[in-house]
Amino acid sequence: MDNCIFCMIANGQIPSTSVYEDEDFKVVFDIAPAAKGHLLILPKAHADNVCDLSEETAAKIMPLAAKLGSAQMKALGAKGFNIVVNTGEAAGQTVMHCHTHVIPRYEGEAPIVANWAQGSYADGEAASIAQAIVKAL
Ligand code: AMP
Ligand code: ZN
């Protein structure tokens with residue numbers, strides 16, 4: 001897609017620090033890392049977000065993310081990693097080319113990524129919300 005920064009990076013029109021590439025993906029360093037070694041998996045074919053990815057491409061992302069996270073643990077001494085896909089502006093997506101963050105986590109760091117306030121449901125609320133989701137599937 002014209003004027004898409006991640007299309008240009010994924011297809012080599014803009015140089016990047018890359019750790020992996022195959023026919024479907026390029027994996028690059030995030031320019032403003034949440035932690036040292038923060039990676040972005042960029043599909044080479046443009047999709048605005050995860051909902052627009054082909055099932056075939058989507059199915060390849062989780063195994064690749066696990067492989068990259070394992071390498072972060074082995075090579076960088078990370079003790080874990082977060083796999084994050086922000087979808088839509090309300091969820092914090094700022095670049096509208098689907099990408100998967102693989103963020104290494106080091107001992108002693110605050111859990112900055114998955115650290116939401118724990119909520120609750122009123123009586124019957126969970127059941128009606130579940131029903132709405134089931135209807136939409
Ligand atoms: P998101 O908020 O999930 O859309 O994440 C977008 C990510 O892309 C952010 O973490 C940015 O730091 C990163 N980013 C933006 N521009 C570039 C770029 N030119 N090269 C590498 N990473 C980038
Ligand atoms: Zn794109």
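Scope of the values below: all heavy atoms of this structure, side chains included, with no hydrogens, waters or symmetry mates. Each ligand, and each atom within it, is numbered from 1 in the order the structure gives. These figures come from a predicted structure and were not determined experimentally.
At least one heavy atom of Asp30 sits closer than 4.0 Å to an atom of ligand 1.
In terms of protein heavy atoms, atom 19 (N) of ligand 1 is closest to Ile9 CD1, 3.7 Å. Ranking protein heavy atoms by distance to atom 2 (O) of ligand 1, first place goes to Gly92 O, 2.7 Å. In terms of protein heavy-atom proximity, atom 8 (O) of ligand 1 is nearest to Phe6 CZ, 3.4 Å. Nearest non-hydrogen protein atom to atom 4 (O) of ligand 1 is Thr94 N, 2.6 Å.
Below 4.0 Å from some heavy atom of Phe29 lie the following atoms of ligand 1, by number and element: 21 (C). Proximity to Ala32 (heavy-atom distance under 4.0 Å) selects the following atoms of ligand 1: 12 (O). Heavy-atom contacts of Asn86 reach the following atoms of ligand 1: 1 (P), 2 (O), 3 (O) (cutoff under 4.0 Å). Taking every heavy atom of Val95 and a limit of under 4.0 angstrom, the matching atoms of ligand 1 come to 4 (O), 6 (C). Per-residue contacts place Leu40 under 4.0 angstrom from the following atoms of ligand 1 (heavy atoms of the residue considered): 8 (O), 22 (N).
Leu40 and Val84 fall into different hydrophobic clusters, defined by Ile, Leu, Val, Met, Phe, Trp and Tyr side-chain heavy atoms under 4.5 Å apart, directly or through other members. Both Val19 and Met73 sit in one connected hydrophobic cluster of ILVMFWY residues. Membership requires side-chain heavy atoms under 4.5 Å apart, directly or through other members. Linking ILVMFWY side-chain heavy atoms closer than 4.5 Å, directly or via other members, places Val102 and Tyr20 in a single hydrophobic cluster. If you chain together hydrophobic residues whose side chains sit under 4.5 Å apart, Val50 and Phe6 never meet in one group.
Nearest heavy atoms, Gln72 versus Phe81: OE1-CB, 3.8 Å. In this structure, Ala78 and Pro104 approach most closely via the heavy-atom pair CB-CB, 3.7 Å.
Checking His101, Met96, Gln93 against atom 3 (O) of ligand 1, the nearest heavy atom belongs to His101.
Considering backbone and side-chain atoms alike, Ile31 places an N or O below 3.5 Å from some N or O of ligand 1. On a distance-only criterion, His99 and ligand 1 share at least one N/O pair closer than 3.5 Å. The shortest N/O to N/O separation between Ile5 and ligand 1 does not fall below 3.5 Å.
Without hydrogens or angle criteria, Thr57 side chain to Leu53 main chain gives no donor-acceptor distance under 3.5 Å. Using modelled atom types, one side-chain atom of Glu125 and one backbone atom of Ala122 make a donor-acceptor pair closer than 3.5 Å.
Neighbouring protein atoms of the Zn ion (ligand 2) (N, O or S, distance under 2.8 Å, waters ignored): Cys4 SG, Cys7 SG, His46 ND1, His97 ND1.
The environment of Tyr121 atom OH is sparse: at most 12 non-hydrogen atoms of other residues, nucleotides or ligands sit within 6.0 angstrom.
Going from atom CG of Leu42 over to atom OG of Ser16 covers 8.0 Å, rounded to the nearest 0.5 Å.
Here Lys60 pairs with Asp24 in a salt bridge; the nearest charged N to carboxylate O distance falls below 4.0 Å.
Ring to ring, His97 and His99 are not that close: their centroids are 6.0 angstrom or more apart. Here His38 and Phe29 keep their ring centres 6.0 angstrom or further from each other.
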